[in-house]
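Just the heavy atoms: all of them, side chains too, but no hydrogens, waters or symmetry mates, feed the values below.
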Amino acid sequence: MGCQAGGDSLIRELLLDNEEQVHIRGELFEEDSEHLLVTNCDHFSNNGGTGPTSDELLDAPQNAAHYWKSTLAKVWLKNVASCGLVIVFLLLAAVAAFVAYQSISDFQRQAKHPAMSVSFKEVKSFEAPGIVLFPERAELLSCKHFYGTLPPLDHPGEPGPLACVIQEVYSEANMHDNVPWKRALVIRGPEAVLQHELLFLHFRLNQSQQDFSGINYLLFSSFDDFTHSNNGSAYLEKLMTSRTLWSFSGGFCTWVKLSLIRTPADDSRLDEFHQETNQEKYNQRREADQLTELFFVVFEWKDPFIQEVHHVVTASPWNVAAVLCGVFLALFKRQMT
């Protein structure tokens, strides 16, 4: 206790002399002084009771000031580093939120407007398509299926075999003048693509004084659907609103090669045909007194491939989920720390 009292009085005298040099609050300095006193007393006890030296007592205020300056510097650096980390976290959070918003927007836009992808499906045979012809006053002379090659005509312009599945349909509204068709011939199309099945049709139009004449036709994907329908006229009327109308000319041999394009719709699928057409002139010169017009047309499949169109959304919902999970994990970790 004597050592502690003597040391305490000496320390207080030195603090009064150096008050202008050490700018430390009294309470903090008293705590540090007590720490120094205990240390000095321990040093005194360890040194055989000789007590602290005068140099050690004189250096005590400078050591205390240096200690608190280094402590304040460390606290200031720690606060600055914490502020910097908070700013960096806010910047990263802003970038993550922007990326998440862009990912969600891209996914919604691509889900409404998906890209189109095309694949080709090979088949051995097609479902027999339906061929609807609107011959008006033209007469069907012959109809036959061939395989591989088409033989030359023996008697063009004369009736021949009708070896086809044909249904004749009349419009229910044929009493009106604005009806686009009054009579239609629905013929079963070719099926065996690998055997190069051909459908040959031969028409004749008498008493024609036109310089140009043609027969209109359209295609649909399934002849069996037409035969199973209850009303053939209504079925054809519906086809007229959604199918392209084609034609082949009189005086020409027209060769039509078909390709099937299948596109998915909202609740069904849409089958369309792509055509490649070649024409060869049959009559080199039409005489003035020749009133008969001949029509020749051949239908076949171009290749055994069905072109299928698919809707593809390039933006994956899993990417959006991954971005959102990253944002939430970062926020959760920040909240926990």
Taking C-beta and beyond as the side chain, do [X] and [Y] meet within less than 4.5 Å on heavy atoms?
X: Thr254; Y: Ser249; result: no
X: Phe223; Y: Pro129; result: no
X: Phe203; Y: Leu294; result: no
X: Asn278; Y: Phe252; result: no
X: Leu236; Y: Val186; result: yes
X: Leu258; Y: Leu219; result: yes
X: Leu260; Y: Phe273; result: yes
X: Trp246; Y: Asn216; result: no

Can you give me the closest heavy-atom contact between [X] and [Y], atom names plus distance?
X: Arg183; Y: Ala138; result: NH2-O, 3.3 Å
X: Ile215; Y: Pro135; result: CG2-CA, 4.0 Å
X: Leu141; Y: Leu162; result: O-CD2, 3.8 Å
X: Gly157; Y: Arg204; result: O-NH1, 2.9 Å
X: Gly148; Y: Leu198; result: O-CD1, 4.3 Å
X: Glu191; Y: Ala128; result: CG-CB, 3.4 Å

* Quick one: do Ser142 and Phe200 satisfy side chain to side chain contact (heavy atoms under 4.5 Å, CB included)? Show the steps, please. => CA-CA 8 Å; Ser142 63; Phe200 172 75; 3.8 Å; yes
* For the side chain of Glu197 and the backbone of Ala192, is there at least one donor-acceptor N/O pair under 3.5 Å apart? -> yes
* Only one of Glu300, Gln279, Glu280 passes side-chain contact (heavy atoms from CB on, under 4.5 Å) with Trp255; say which it is. => Glu300
Look up atom [atom1] in [X] and atom [atom2] in [Y], then write down how far apart they are to the nearest 0.5 Å.
X: Lys257; Y: Thr277; atom1: NZ; atom2: OG1; answer: 11.0 Å
X: Leu205; Y: Glu139; atom1: CG; atom2: CD; answer: 10.0 Å
X: Ile166; Y: Ile187; atom1: CD1; atom2: CD1; answer: 4.5 Å
X: Phe295; Y: Ser247; atom1: CZ; atom2: OG; answer: 10.0 Å
X: His202; Y: Leu153; atom1: NE2; atom2: CG; answer: 6.5 Å
X: Ile306; Y: Ser259; atom1: CD1; atom2: OG; answer: 10.5 Å

* Tyr170 versus Glu168, side-chain donor and acceptor atoms under 3.5 Å -> yes
* side chain to side chain contact (heavy atoms under 4.5 Å, CB included) assessment of Thr244 paired with Leu218 -> CA-CA 6 Å; Thr244 302; Leu218 60 84; over 6 Å; no
* Asked: Can you name the residues that form a salt bridge (Lys or Arg N to Asp or Glu O under 4.0 Å) with Lys302, not counting sequence neighbours?
  -> Glu276
* Any chance you could pull the hydrophobic cluster mates of Leu77, using side-chain heavy atoms under 4.5 angstrom and chaining through other members? => Trp76, Val80
* **Non-neighbouring partners of Gln275 that pass side-chain hydrogen bond (donor to acceptor under 3.5 Å, both in side chains), sequence neighbours left out** => Tyr217
* Those residues that, when tested against Arg262, pass side-chain hydrogen bond (donor to acceptor under 3.5 Å, both in side chains) (two or more places apart) -> Asp271
* Does the pair Leu239 and Tyr235 meet the rule for a side chain to side chain contact (heavy atoms under 4.5 Å, CB included), with working shown? -> CA-CA 6 Å; Leu239 286 178; Tyr235 189 91; 3.6 Å; yes
* To do: Kindly assign one of parallel, tilted or perpendicular to the pair Phe126 and Trp301, based on the angle between their ring planes and the thresholds 30° and 60°.
  =>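 It falls in the parallel class, under 30°.
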* Asked: Is any side-chain N of the basic residue among Asp224 and Arg188 closer than 4.0 Å to the acidic one's carboxylate O?
  ->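 Yes, charged N to carboxylate O under 4.0 Å.
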* Asked: According to the side chain to side chain donor-acceptor pair (under 3.5 Å) rule, which pairs have a member within residues 121-136, sequence neighbours left out?
  -> Glu127-Ser222
* To do: Would you check, one step at a time, whether the test side chain to side chain contact (heavy atoms under 4.5 Å, CB included) holds for Ser171 with Glu237?
  => CA-CA 8 Å; Ser171 173; Glu237 290 287 351; 3.7 Å; yes
* Hey, could you give me each pair passing ring-ring contact (aromatic ring centres under 6.0 Å, His included) that has a residue in residues 128-159? Not counting sequence neighbours. =>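 Residue pairs passing ring-ring contact (aromatic ring centres under 6.0 Å, His included), neighbours aside: Phe134-Trp181.
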